[in-house]
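Predicted model, so just to flag it, every value in this text is computed and none were measured.
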Amino acid sequence: MPVVSMKEILDRAFADRYGVAAFNVVNDLSIEAVLAAAVEERAPVILQTSVKTVLMYGRGQLFDIFQALMRDVDVPVTLHLDHCPDRTVIADCLAGGWNSVLFDAHELAVAENLRQTTEVVAQARRTGAHVEGEIEGIQGVEDDLGSDEASAIQSLDVAVDFIKNTGVDCFAPALGNAHGQYKQAPELDAQRVSDLVAATGVPMALHGGTGLSDEQFTDLIARGCAKVNISTALKESFMKSGLSFLREASERDKWDPPALFQHQRSAVLEMARRHIRLFGGSGRAW
């Protein structure tokens, strides 16, 4: 199946109130493992790349890896650029095959954010791509972007005006959620999702998913969070499984790189399957 637009994937999920897992992949192994999980679950999936990962590989090489691993995949997949404040990187990825982007301009004044996001939406449309927007920073640092300081929350009217006037296809509200691991159980403003959905009819994106309870996920998805980001859980599955394998390898003084990679693949695949099932995405492929 060819890559499917983010809007098509999210509009279907939004209408039927299930969540599409959006995994922040970090290399070829994690891309292949997430795609394998989606195929096994017969689920649509979003592969997200951070700016850091794009710059590490180079846009062209990273997209070539994606294309090669997608070749025999028969479920809907979107390639998304996550949290990008740099419009040069956005333009490069849109030109290079990414079919959705999050223009992260929350550090700008809302009026300037709105102006520039409107331009990014127009730019994306020229390549058939779609845009996620935000006006508030999600607390926490991820891939060298963000801040541990909580962002100011804008009023509902300001958020609704931004969504309607920019034409974004998805919106990421601040709800008390955070990137990284939560130090204590988060208290989320779930009603804000309901209010934004009622006022705009636009799917919401849930950031900072790692560490939320199953009940919180289920409630927020039912309210209209059609895109559910998972980054920390993937990184932890990838790195902690590798660490445990290497500790055992050191004790046995036996070094087998393919076995290490298989161990990490299995950990990432099972993590991805668990989230896909939790979000109601299993069996939703078309």
Minimum heavy-atom separation for [X] and [Y], please, with both atom names.
X    : Y    : result
A43  : A285 : N-CB, 4.0 Å
Y57  : V26  : CE1-O, 3.6 Å
L114 : T118 : O-OG1, 2.7 Å
R87  : V120 : NE-CG2, 3.8 Å
V54  : C93  : CG1-SG, 4.0 Å
A36  : R265 : CB-NH2, 3.5 Å

Donor-acceptor under 3.5 Å ([X] side chain, [Y] main chain):
X    : Y    : result
Q61  : G58  : no
R59  : D92  : yes
N99  : T78  : no
R274 : L278 : no
S244 : S241 : yes
D169 : V131 : yes
E136 : A174 : yes
N165 : D161 : yes

Does any part of the side chain of [Y], heavy atoms only, come nearer than 4.5 Å to the side chain of [X], both counted from C-beta?
X    : Y    : answer
L220 : L188 : yes
D28  : F66  : no
F103 : V168 : no
V73  : L69  : no
R12  : W286 : yes
Y18  : R284 : yes
M271 : I230 : yes
Q48  : K227 : yes

Query raised in the report: Mind checking whether H275 and F23 have parallel, tilted or perpendicular rings, split at 30° and 60°?
Result: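 The rings of H275 and F23 stand perpendicular, inter-plane angle above 60°.
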Are [X] and [Y] grouped together when hydrophobic residues (ILVMFWY) are joined by side-chain heavy atoms under 4.5 angstrom apart?
X    : Y    : result
V228 : L234 : yes
M70  : L94  : yes
I135 : V193 : yes
L47  : L29  : yes
V45  : L269 : no

Report task. Please indicate whether R252 has more than 12 foreign heavy atoms, meaning atoms of other residues, nucleotides or ligands, lying under 6.0 Å from its CZ. Result ->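 Yes, the 6.0 Å shell around CZ holds more than 12 heavy atoms from other groups.
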Query raised in the report: Do other residues, nucleotides or ligands put more than 12 heavy atoms under 6.0 Å from M239 CE?
Result: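 Not more than 12 within 6.0 Å, no.
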Without hydrogens or angle criteria, can the side chains of [X] and [Y] be said to hold a donor-acceptor pair below 3.5 Å?
X    : Y    : result
Q116 : E112 : yes
K240 : Q264 : no
W98  : T49  : yes
S282 : R277 : no
N24  : N229 : no

Requested in this report: Kindly indicate whether a cation-pi arrangement holds for R17 with F14, taking the cut-offs as under 6.0 Å to the six-membered ring centre and within 45° of the axis.
Outcome: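 Flagged: R17 positioned over aromatic ring of F14.
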Requested in this report: Determine whether the aromatic ring centres of H130 and H80 lie less than 6.0 Å apart.
Outcome: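 No - the distance between ring centres of H130 and H80 does not fall below the 6.0 Å cut-off.
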About how many Å separate [atom2] of [Y] and [atom1] of [X], when rounded to the nearest 0.5 Å?
X    : Y    : atom1 : atom2 : answer
E41  : I276 : CD    : CD1   : 6.0 Å
L102 : H207 : CG    : NE2   : 5.5 Å
Q154 : H106 : CD    : NE2   : 11.0 Å

**Report entry** Salt-bridge present (K52, D82; N to O < 4.0 Å)
**Finding:**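 Looking at D82 together with K52, the answer is no, because their closest N to O distance does not fall below 4.0 Å.
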Query raised in the report: In terms of side-chain geometry, is the basic nitrogen of E251 or R247 positioned less than 4.0 Å from the acidic oxygen of its partner?
Result: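 Salt bridge flag = no for R247 with E251.
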